[in-house]
Chemist: 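If you scroll down you'll find the structure; I have some questions about it.
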Amino acid sequence: MTSLTSIKYIVPKSVEELLAVIGSEENPRIVAGNTLLNELGKRNLLGGVTALIDINELPLDYVKLGEDSITLGSLVTFTRLLREDFINRPAYSALKEALSAVHPIQVRNAATIGGCIGAGLPFLDVPPALLCLDAVIQITTCDGTQTNEYSKLASDIAGGIPAGQLITKIQLPKYNDRTRSAYSRFSLTGMGESVASVAIRLTLDGSLAHSHCTQACVAIGGAGIDTQRISEAETFLTNSGHTTTDVLQHTSDLVAKEAHIVPDLNGSAEFKRKILSVQTKRTLSKLLAADSRGAKL
Amino acid sequence: MKLDFTLNGESVSVEAPPYASLLSVLRDRLSVRSTKQGCDYGGCGACTVLIDGKARYSCMTSALRVKRKSVTTLEGLAKNGVLDPLQQAFNEKWAAQCGFCSAGMILSAKALLDETKYPSESEIREAIVGNLCVCTGYQKIVEAIQSASINSPKTSK
């Protein structure tokens, strides 16, 4: 076992330098926020790690607004993202609400968008919002760069992104003014982890109350081992025409039924299904309420 | 490893292992005792410090992350023996009971007031949501922050 005092601390300045370091070190560990490092060290859980690679000086702290997409460098913090103008558009409300659900300012100042994806923890707030916004994730390894839809990647990185892989950027599509999204979550305590969370994005033809949904995306977090999309609910919403109370109820029932749920200390499967149903209704109601207040679609 | 950073306006240089938290370096190697060790996993806020003006949990911050950065603890607020308006307000409003959370509370409030001169009550409560007061003296703390805000010089940031 490697002695803790012999661990190297390397701060690469470029992705190329980082990849060279990963290739040359026997057992490197990439760190960004470093929020768990002290805890791991104290518990002797860094055994075998030969080098800590601090990626904070990589040029990955940027937000770029393009013609068709918004690109986020993986080192963008929650605080910075909440100050971006695009986050206030109705299409990105789910992301804004998910970022705001991380209450301590101290955590928002440290947590990065790449870190919350790479952690692969189901109870985090931001991943379901990114999933419902059809985020595309770029991952760089020694073998090259891959770009994947988050919906296809989420289950693969449940429990944490494999060692030696680096999330470099996240792309969000640029949505038109007819798209809006919302996020709701439930936790047992004010600052507690999410027991069940729901993020929904709808693209509407006309107002929500008087027209139909042309595109829907429903993502959930907290309830299972990964962040999931509920395609049955998406299909139903897209095909159901006017958004009535019955549609809300049936969508909620579908989400509760189709979600892969794992019972844990926070609640039984039955409890989580009930909470998911309630959160789905609340999220859809939030979208309806925003529409009835005359918000631009 | 050698770590150079600015602590309360003064350059410091200290040896720190790669896995050391900023909290442990501040308390154990630099004898900064206002920064408290509470939960030690980012739940209580007693270890809050300002890093380049932003509130951060020092227990969750790797010490080596603050290389070449500016760290402010409660000791860095008073200037020439004159308390910061926030410290003064905490005194005047009796906003400290056991005092264990006070340093973290004041620094979280300092980060808020440096950005928002006259915050609303909800903004104040949002700013200190990551700081627990086990004595539950939140009302006095909020009043003290409001008081410091109202009494801050209109022309200064």
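A, B, ... follow the sequence lines: proteins, then strands. Residue 1 opens every chain.
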Chemist: What is the distance from atom CD of Glu115(B) to atom CZ of Arg83(A), rounded to the nearest 0.5 Å?
Modeler: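 These two atoms lie 4.0 Å from each other.
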
Chemist: Counting only heavy atoms from other residues, nucleotides and ligands, does the tally under 6.0 Å from NZ of Lys93(B) exceed 12?
Modeler: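 No, the 6.0 Å shell around NZ holds no more than 12 heavy atoms from other groups.
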
Chemist: Could you name the residues of residues 128-143 of chain B that have a heavy atom within less than 4.5 Å of a heavy atom in chain A?
Modeler: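 Only Val129(B), Gly130(B), Asn131(B), Leu132(B) of residues 128-143 of chain B have a heavy atom under 4.5 Å from chain A.
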
Chemist: I'd like a table of donor-acceptor pairs (distance under 3.5 Å, sequence neighbours excluded) in which one partner is a side-chain atom from residues 188-196 of chain A, with atom names and distances.
Modeler:
residue, atom, partner, partner atom, Å
Thr189(A), OG1, Gly192(A), N, 3.1
Glu193(A), OE2, Asn266(A), ND2, 2.8

Chemist: Under a 3.5 Å distance rule, please check whether Asn109(A) uses its side chain to pair with a backbone N or O of Arg56(B) as donor and acceptor.
Modeler: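 No; judged by distance alone, with no hydrogens or angles, the pair does not exist.
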
Chemist: Checking side-chain contact (heavy atoms from CB on, under 4.5 Å) for the pair Lys8(A)/Met1(B): CA distance, chi angles, key distance, verdict?
Modeler: CA-CA 9 Å; Lys8(A) 285 183 268 184; Met1(B) 295 183 73; over 6 Å; no

Chemist: Side chains of Tyr9(A) and Pro17(B): closer than 4.5 Å at any heavy-atom pair?
Modeler: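 Side-chain contact under 4.5 Å: no.
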
Chemist: Can you tell me which portion of Leu52(A) sits under 4.5 Å from chain B's heavy atoms? Options are side chain, backbone, both or neither.
Modeler: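 Just the side chain, heavy atoms under 4.5 Å.
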
Chemist: Looking at Arg282(A), I want to see if its CZ is surrounded by more than 12 non-hydrogen atoms of other residues, nucleotides or ligands under 6.0 Å.
Modeler: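 No.
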
Chemist: Do NZ/NE/NH1/NH2 and the carboxylate oxygens of Arg68(B) and Glu57(A) come within less than 4.0 Å?
Modeler: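 Yes.
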
Chemist: Does Gln106(A) reach the side chain of Ser108(B), with side-chain heavy atoms less than 4.5 Å apart?
Modeler: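 Yes; the side chains approach each other to less than 4.5 Å.
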
Chemist: Mind checking the CG-CZ spacing from Asn56(A) to Arg65(B)? Nearest 0.5 Å is all I need.
Modeler: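 Result: 3.5 Å between the selected atoms.
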
Chemist: Highest number of heavy-atom pairs under 4.5 Å with chain A: which of Leu23(B), Thr48(B), Ile51(B)?
Modeler: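 Most heavy-atom pairs under 4.5 Å with chain A: Thr48(B).
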
Chemist: For Lys2(B), does the NZ atom sit with more than 12 other heavy atoms under 6.0 Å from it, leaving out its own atoms?
Modeler: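 Counting neighbours around NZ of Lys2(B), 12 or fewer heavy atoms of other residues, nucleotides or ligands fall under 6.0 Å, so no.
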
